[in-house]
Amino acid sequence: MGNSAGMNVGSCAAAALIAAFAWHCRADEAAPERVVLEKDGSKAPLEVPSTLYGIFFEDINWAADGGIYAEMVANRGFDWRTERPAYWEYDFRGGAEARVTQEWAKPLYPENAQYLRIEAIGAGTGCGMRNRGFCGGMKVVGGAKYDLKFYARGVDGYAGGLRVVLEKPSVEKGGASVQLAEFKVRPGQMKVGEAGATPFDRILPDWTKFTAELVAAEDATNATLSVLLDSKGIVDVEFVSLFPRDTYRHEPNGLRADLVEKLAALRPGIIRFPGGCIAEGDDFMSWYDWKRSVGPVERRYLNENRWDSERSARRLVYWQTQGLGYFEYFRLCEDLGAEPLPICLAGLTCQYRRPTHFAPMESLDYFVTNIVDLIEFATGDPSKNPWAKIRADMGHPAPFRLKYVGIGNENWDQPFFDRYSVVASAVARLHPEITIVSSSGPNVDEGRWERAWKFLREQNAELVDEHYYRDPDWFLRNACRYDSYPRTGPKVYAGEYACHERSRANTLRSAVCEAAMMCGFERNCDVVRMSSYAPLFNNVDAPGYHWTPDMIWFDKSRVLETANYRVQRLFAENRPERTCPLRSVGDASGLFWSAGEAKGGELVVKIVNAREAGREVELRLGAPDGEVSVLELSGESHESVNTFEEPDAVCVRASSVRASGGSVSLGLRPWSVMVVRIPR
Ligand code: AHR
């Protein structure tokens with residue numbers, strides 16, 4: 001699409017010229033002429049789907065365990081595959097000594113068989129193990145309530161008691177810790193087994209479950225939780241869990257409220273889970289099998305986190321408890337009013353990993369059944385289907401909504417096509433009410449993507465998942481790509497995208513480039529039906545590899561809205577009901593826009609200035625005389641980045657301008673996004 005000064009019929013034809021346009025305007029350059037935007041009667045308005053703006057959740061950057069999943073104890077079930085219990089350390093007080101081992105005999109549940117055995121040789125003033133939580137200490141609020149749960153049993157006639165203490169280490173070296181809360185198990189309160197003549201003959205008793213409410217005496221960001229024997233002898237300990245009562249909507253086994261509130265503010269139309277590459281795993285041992293993520297939390301299988309292996313030295317300390325499992329994902333969607341979009345396996349694992357594992361063609365019914373059972377879990381009748389019964393037993397007898405299922409993530413070429421066609425056609429035949437989302441590979445505009453589109457067209461696919469993690473220049477050159485997509489055939493889900501600066505920082509420029517792209521989604525919402533920025537979270541406190549940029553950064557106490565988050569929110573909060581095509585008059589290079597009618601009839605216009613210079617734009621849209629509200633996202637320079645220290649380097653400011661004679665005159669800052677709401 002070309003552009004020249006004068007009438008522009010394409011709604012953002014200017015993008016093609018952006019590369020040629022000087023990015024840094026010199027002071028002696030003539031100011032660009034005023035651009036007029038007016039209604040384009042030659043194009044029909046489109047209904048904007050509620051699914052247009054969604055979110056992508058993946059347990060990358062410690063987004064789940066240690067992140068949004070509010071469990072405070074790391075490695076609560078002692079099942080992380082490490083020689084010593086990861087995240088637990090000796091806590092021997094007043095001369096105590098012990099042998100601490102990980103055991104499997106007579107487990108609480110076979111799914112997570114490993115537990116902790118503390119054999120106190122001498123108990124001193126307390127003998128056991130201490131957990132520091134996920135990120136160098138637990139955050140605790142004074143006066144707040146915490147739900148403690150654990151299982152224990154005495155071995156070989158253990159006659160003593162147990163203490164579980166929440167503490168804050170002293171700031172002074174060598175000083176005593178401050179006790180924040182305590183729970184005591186007195187002798188006789190837990191089952192104790194008898195010793196045999198030899199350890200082989202000992203009789204292990206059943207486990208005793210303990211629950212307690214702890215109230216923290218004061219604030220801490222480095223609290224620890226210790227399990228301590230008060231007498232010499234042997235005690236087995238399993239599944240030590242501590243949750244804040246104050247989770248999102250106070251749900252048990254819940255999510256961090258401050259993080260979910262940020263997601264709620266995005267008003268997501270869809271939520272994609274569990275990823276990403278996590279869905280596929282490294283191999284058939286570590287793919288995300290939803291069946292292993294539901295039911296009682298104690299019985300959910302621990303799964304290796306595929307992102308652990310991004311480390312240079314593979315240390316295997318990043319595991320998924322799946323405490324945030326498919327039930328919780330569906331509940332989150334329900335709470336946020338979003339359509340769930342689970343991503344399932346197409347019979348092959350991550351093609352980025354070598355070797356990729358391909359299920360034999362004759363065994364693909366395994367994956368068909370897995371997906372069909374998922375649909376039953378979500379929507380089936382508990383009296384007729386065992387998976388639906390698990391859902392009901394978990395407290396949700398009513399069906400969840402489930403309209404979409406993704407088959408495959410970033411898969412490509414013949415081995416994928418062969419498997420996808422078998423799995424997808426079987427699922428479609430058995431559940432014609434489900435819309436299948438199909439993978440088109442890890443990137444657009446390349447051979448794999450072209451071959452995928454050709455194949456998926458032939459398959460009559462409904463929604464094709466496109467991914468792009470590309471630089472600012474690519475984003476601006478592609479912001480109008482959907483203007484020319486075919487109007488028939490499969491629709492698009494822009495399922496993973498983010499503008500990547502060379503520095504991989506969440507700059508203002510990256511956010512503005514994404515906004516340019518999102519204008520394209522909105523203008524072309526007959527083609528682009530859904531979208532989601534990726535990845536969602538970055539837990540900055542967490543160890544190891546971190547993918548950047550990400551939409552939301554957080555630590556145990558703080559949540560940071562990046563520039564990119566603010567763009568997403570701006571678009572979601574100003575999603576119109578139906579589009580109103582506009583055209584430009586004047587040199588609109590570097591300018592991108594979309595417009596539409598909101599619920600009450602207001603006209604919502606989004607304008608993106610992706611240039612180093614300010615712009616004057618006139619909206620000739622018949623605005624009645626009076627005040628028009630304006631929101632503008634901008635920052636000091638295109639490199640501006642929000643940080644914990646400077647969280648509003650890129651922010652949205654509200655103001656108003658006067659409309660007169662049917663038109664509104666606007667001054668846009670360099671690298672900015674403006675939303676104008678014109679009353680009817
Ligand atoms: O968003 C991070 C990763 O990027 C996803 O897991 C994967 O699908 C893509 O390569």
Side-chain angles (χ1 to χ4, degrees), residues 54-65 67-68 263 266 268 270-283 286-288 290 303-311 318 320 324 329 341-346 348-354 356 404-413 416 420 437-446 448-449 452 463-471 474-475 492-501 504-506 510 514 517 530-540 542 544-553 562 564-565 568:
I55 57 183
F56 160 97
F57 183 90
E58 173 165 36
D59 188 2
I60 183 171
N61 301 333
W62 297 72
D65 291 295
I68 196 170
L263 302 187
L266 292 174
I270 55 140
I271 300 180
R272 173 193 181 130
F273 56 87
C277 295
I278 281 281
E280 308 167 280
D282 282 343
D283 51 28
S286 63
W287 68 288
Y288 197 111
W290 70 270
N303 197 21
E304 179 192 333
N305 190 310
R306 173 239 182 268
W307 290 106
D308 183 73
S309 50
E310 290 299 306
R311 297 152 178 270
Y318 188 179
Q320 302 172 80
L324 167 56
Y329 283 126
L341 171 51
I343 301 294
C344 302
L345 225 61
L348 65 162
T349 58
C350 182
Q351 285 176 282
Y352 273 121
R353 285 275 177 265
R354 289 285 177 268
T356 301
Y404 304 94
V405 168
I407 301 185
N409 172 64
E410 296 196 346
N411 297 131
W412 61 78
D413 283 346
F416 165 59
Y420 168 89
V437 178
S438 324
S439 166
S440 65
N443 209 348
V444 295
D445 303 343
E446 54 165 36
R448 292 181 291 196
W449 168 82
L463 263 172
V464 176
D465 182 13
E466 294 195 335
H467 294 184
Y468 25 91
Y469 297 102
R470 306 293 284 270
D471 63 32
W474 184 92
F475 263 78
V492 171
Y493 162 43
E496 290 185 33
Y497 70 91
C499 177
H500 282 190
E501 296 275 9
R504 303 283 290 253
N506 284 91
S510 69
E514 287 151 13
M517 197 80 197
M530 306 172 168
S531 65
S532 44
Y533 177 99
L536 182 61
F537 282 127
N538 185 13
N539 181 351
V540 296
Y545 168 82
H546 287 248
W547 172 300
T548 60
D550 316 280
M551 204 207 291
I552 299 170
W553 294 50
T562 62
N564 314 73
Y565 173 90
Q568 293 289 325

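Scope of the values below: all heavy atoms of this structure, side chains included, with no hydrogens, waters or symmetry mates. When a ligand or atom number is given, it counts from 1 through the structure's own listing order.
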Fit a plane to each ring of Trp62 and Tyr318, take the angle between them on a 0 to 90° scale, and name the class: parallel (under 30°), tilted (30 to 60°) or perpendicular (over 60°).
parallel

Identify whether the distance between the nearest side-chain nitrogen and carboxylate oxygen of Glu280 and Arg353 falls below 4.0 Å.
no

In terms of relative ring orientation, are His500 and Tyr469 parallel, tilted or perpendicular, with 30° and 60° separating the classes?
tilted

Check: Asp65/Gln320 side-chain N/O donor and acceptor closer than 3.5 Å
no

Would you confirm whether the ring centroid of Phe56 sits within less than 6.0 angstrom of the ring centroid of Tyr533?
no

Side-chain donor-acceptor contact under 3.5 Å, Tyr493 with Ser531:
no

Per the under 4.0 Å non-hydrogen criterion, ligand 1 touches Phe56, Glu58, Gly276, Cys277, Trp307, Asn409, Glu410, Tyr469, Glu496, Ala534, Pro535, Trp547

